[in-house]
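Okay, handing you the structure first.
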Amino acid sequence: MFFVRRRGAARLAAAVFVSGLVATGAITGASAAAADEASGHQGGATATLGGLSKSSDAAVIHENGKDQRVQAGLFTMAVEQGGALQTYCIDIHHPTQDGAKYQETPWSGTSLNANPDAGKIRWILENSYPQVNDLAGLAAKAGSGALTEGTAAAGTQVAIWRYSDGADVDAVDPAAEKLADYLEKAAQNVAEPKASLGLEPAAVSGKAGEKLGPVTVHTNAGTAQVEVGGDAATAGVKLVDKAGKAVESAADGAQLWFDVPAGAQPGSASVNLQATTNVPVGRAFASETRSQTQILAGSSDSTVSATASATWGESGPIPAVSAEKNCAKGGVDVTASNQGDKPFTFELAGQQHTVEAGKSATITVPVKEDQSYDLTVKGPNGFTKEFKGVLDCKVASSGGASPAGGQSPLPSASPTTAAQGSGSDSGSGGDLAATGGSSATPVIAGVAVVLVVLGAGTVFFIKRRKPAGQ
């Protein structure tokens with residue numbers, strides 16, 4: 001059955017939101033070992049929002065008996081350590097923020113988790129602009145009439161909004177509207193794309209003299225380079241495969257162990273994997289703040305990374321602590337495992353908890369939708385581990401935010417929203433310069449550097465192909 005649009009506030013329900021907040025720490029015996037805070041990123045690409053590109057055109061949102069004109073199209077992002085992305089919005093009722101940092105996120109970490117039509121959005125991305133850059137062929141397929149890059153992007157964004165937000169939205173340009181209708185009706189559910197790079201689990205622990213793990217690699221890159229840090233060098237810890245052979249690079253499916261020598265002083269180590277690859281089309285990107293959630297439409301060769309950590313000791317509690325958002329329960333799940341030989345007792349959100357030796361426990365701390373949180377796990381001997389973030393589970397703000405680009409941006413935000421592009425610059429796509437607030441200027445300059453480094457003519461390796469059947 002095809003998706004049916006409804007006027008009014010049609011929105012998708014919230015569900016489990018799994019975030020990339022993962023960290024570990026160790027306390028062993030009588031030693032005080034306050035863990036260093038680990039990155040909150042599960043793995044993949046980290047990028048900074050540049051703004052709405054010139055590949056955009058007008059659309060109208062119909063809601064509550066009112067019409068609001070917005071600008072619909074492609075956004076640009078600059079990837080940390082090299083690379084560039086193009087994205088569409090999947091969160092129409094929230095504004096974007098200039099310079100917001102985004103992280104590659106599984107669908108379970110966004111409102112797509114609760115969306116039965118999430119796979120149709122990926123189909124639209126793979127069968128429309130910019131993945132399909134034969135605009136004449138795309139127009140013939142859709143029966144739309146001539147398309148420009150701007151109207152093709154607008155039609156694609158409108159079709160996505162109908163599935164991502166249940167929005168009653170139309171493209172202003174007749175050809176863009178016909179493209180949106182075609183994409184909406186033709187879309188089929190396809191599977192979520194795999195992560196560009198990730199490690200699972202992101203935290204392990206155990207006793208000195210053991211191999212701690214395994215940590216499994218997930219990547220679409222050929223291989224990822226491995227670097228070990230923390231106390232590994234001083235403690236003589238090596239990263240090895242199942243056979244005990246030292247590892248310098250790893251491919252998809254590889255399993256890694258931290259080989260900790262017997263007698264090593266209590267400590268912790270980390271492993272960082274880094275690779276260059278195209279981020280798969282359809283990967284979601286969530287912000288560290290409440291900036292509009294995005295979904296990937298195209299990627300250059302980009303630098304991606306992932307980190308996992310290990311803690312060890314000889315006796316006493318040896319904990320590993322991680323956290324993830326849980327929209328189904330309306331909070332954050334904090335999980336503590338203990339591979340030591342004594343109980344691990346800690347304080348979280350004003351309450352005391354104990355994890356017995358060889359066991360693990362998960363505590364859900366309630367957090368309101370759209371609210372920031374700062375949770376600290378405090379254990380004996382100076383152990384602390386902090387988790388910060390924003391619970392962002394729904395496509396519509398609990399405060400009734402206006403559609404993207406409305407007059408209610410977040411505090412300190414300078415919106416470069418879908419409603420605030422510089423106008424309809426149709427046909428001038430391919431330029432990664434952003435429109436919007438002035439705070440995007442450093443991002444534009446950063447993207448320009450990326451373009452120079454990658455080389456003219458090869459800077460943006462979006463996989464382009466003709467529509468099926470052409």
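Just so you know, these numbers use all the heavy atoms, side chains as well, and skip hydrogens, waters and symmetry mates. All figures in this text were calculated on a predicted structure; none of them were measured in a lab.
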Open item on the list: For T376, is there any backbone N or O sitting under 3.5 Å from a side-chain donor or acceptor partner on E386?
Closed with: no
TODO: Examine distances only and state if a side-chain atom of N278 and a backbone atom of S299 form a donor-acceptor pair shorter than 3.5 Å.
DONE: yes
TODO: Hey, could you give me each pair passing side chain to side chain donor-acceptor pair (under 3.5 Å) that has a residue in residues 219-244? Not counting sequence neighbours.
DONE: N220-T277
Open item on the list: Checking Q81 against Q274: is there a side-chain donor and acceptor pair closer than 3.5 Å?
Closed with: yes
Open item on the list: Taking the basic N atoms (NZ, or NE/NH1/NH2) and the acidic carboxylate oxygens, is any pair closer than 4.0 Å for K342 and E356?
Closed with: no
Open item on the list: With heavy-atom distances below 4.5 Å as the criterion, would you say the side chains of F346 and K385 are in contact?
Closed with: no
Task: 4.5 Å side-chain heavy-atom contact, L199 and V217 - done: yes
Task: Pairing residues for Y102 by the ring pair (Phe, Tyr, Trp, His ring centres under 6.0 Å) criterion, not counting sequence neighbours - done: none
- [ ] Find the distance between OG1 (T335) and CD (E324) and round it off to the nearest 0.5 Å.
- [x] 6.0 Å
Open item on the list: When you compare the side chain of S196 with that of P280, does any pair of heavy atoms fall below 4.5 Å?
Closed with: yes
Open item on the list: Quick one: does any side-chain atom of D341 pair with a main-chain N or O of S315 as donor and acceptor, under 3.5 Å?
Closed with: no
Task: From S205 atom OG to F258 atom CZ, the distance as rounded to the nearest 0.5 Å - done: 11.5 Å
- [ ] From the options Q294, K394, R290, select the one residue that forms a side chain to side chain donor-acceptor pair (under 3.5 Å) with D91.
- [x] R290
Open item on the list: Which heavy atom of T311 sits nearest to which heavy atom of S268, and what is that distance?
Closed with: CG2-CB, 3.6 Å
Task: Identified side-chain contact (heavy atoms from CB on, under 4.5 Å) counterpart of I295 within the set I121, V281, T110, I124 - done: I121
Task: K101 vs E80, salt bridge (charged side-chain N to carboxylate O under 4.0 Å, His left out): CA-CA, chis, key distance, verdict - done: CA-CA 10 Å; K101 182 175 287 187; E80 287 187 0; 2.9 Å; yes
Task: Gap separating the CG atom of D259 from the CG atom of L212, nearest 0.5 angstrom - done: 8.5 Å
Open item on the list: Please tell me whether S287 and Q97 have a donor and an acceptor in their side chains that are separated by less than 3.5 angstrom.
Closed with: no
- [ ] Give a yes or no answer on whether the side chain of Q157 reaches the backbone of C89 with a donor-acceptor pair at less than 3.5 Å.
- [x] yes
Open item on the list: Quick check: closest heavy atoms across R122 and G282, and the distance to 0.1 Å?
Closed with: CG-CA, 4.3 Å
Open item on the list: Is there a side-chain contact between Y373 and V365 in this structure, where contact means two heavy atoms from C-beta onward sitting under 4.5 Å apart?
Closed with: no
TODO: Spell out, as yes or no, whether a donor-acceptor pair under 3.5 Å connects the side chain of N189 to the backbone of P116.
DONE: yes
TODO: Assess the side chains of T354 and T345: does a donor N or O sit below 3.5 Å from an acceptor N or O?
DONE: yes
TODO: Would you name the heavy atoms of V395 and S164 that are closest together and state the gap between them?
DONE: CG1-O, 3.6 Å
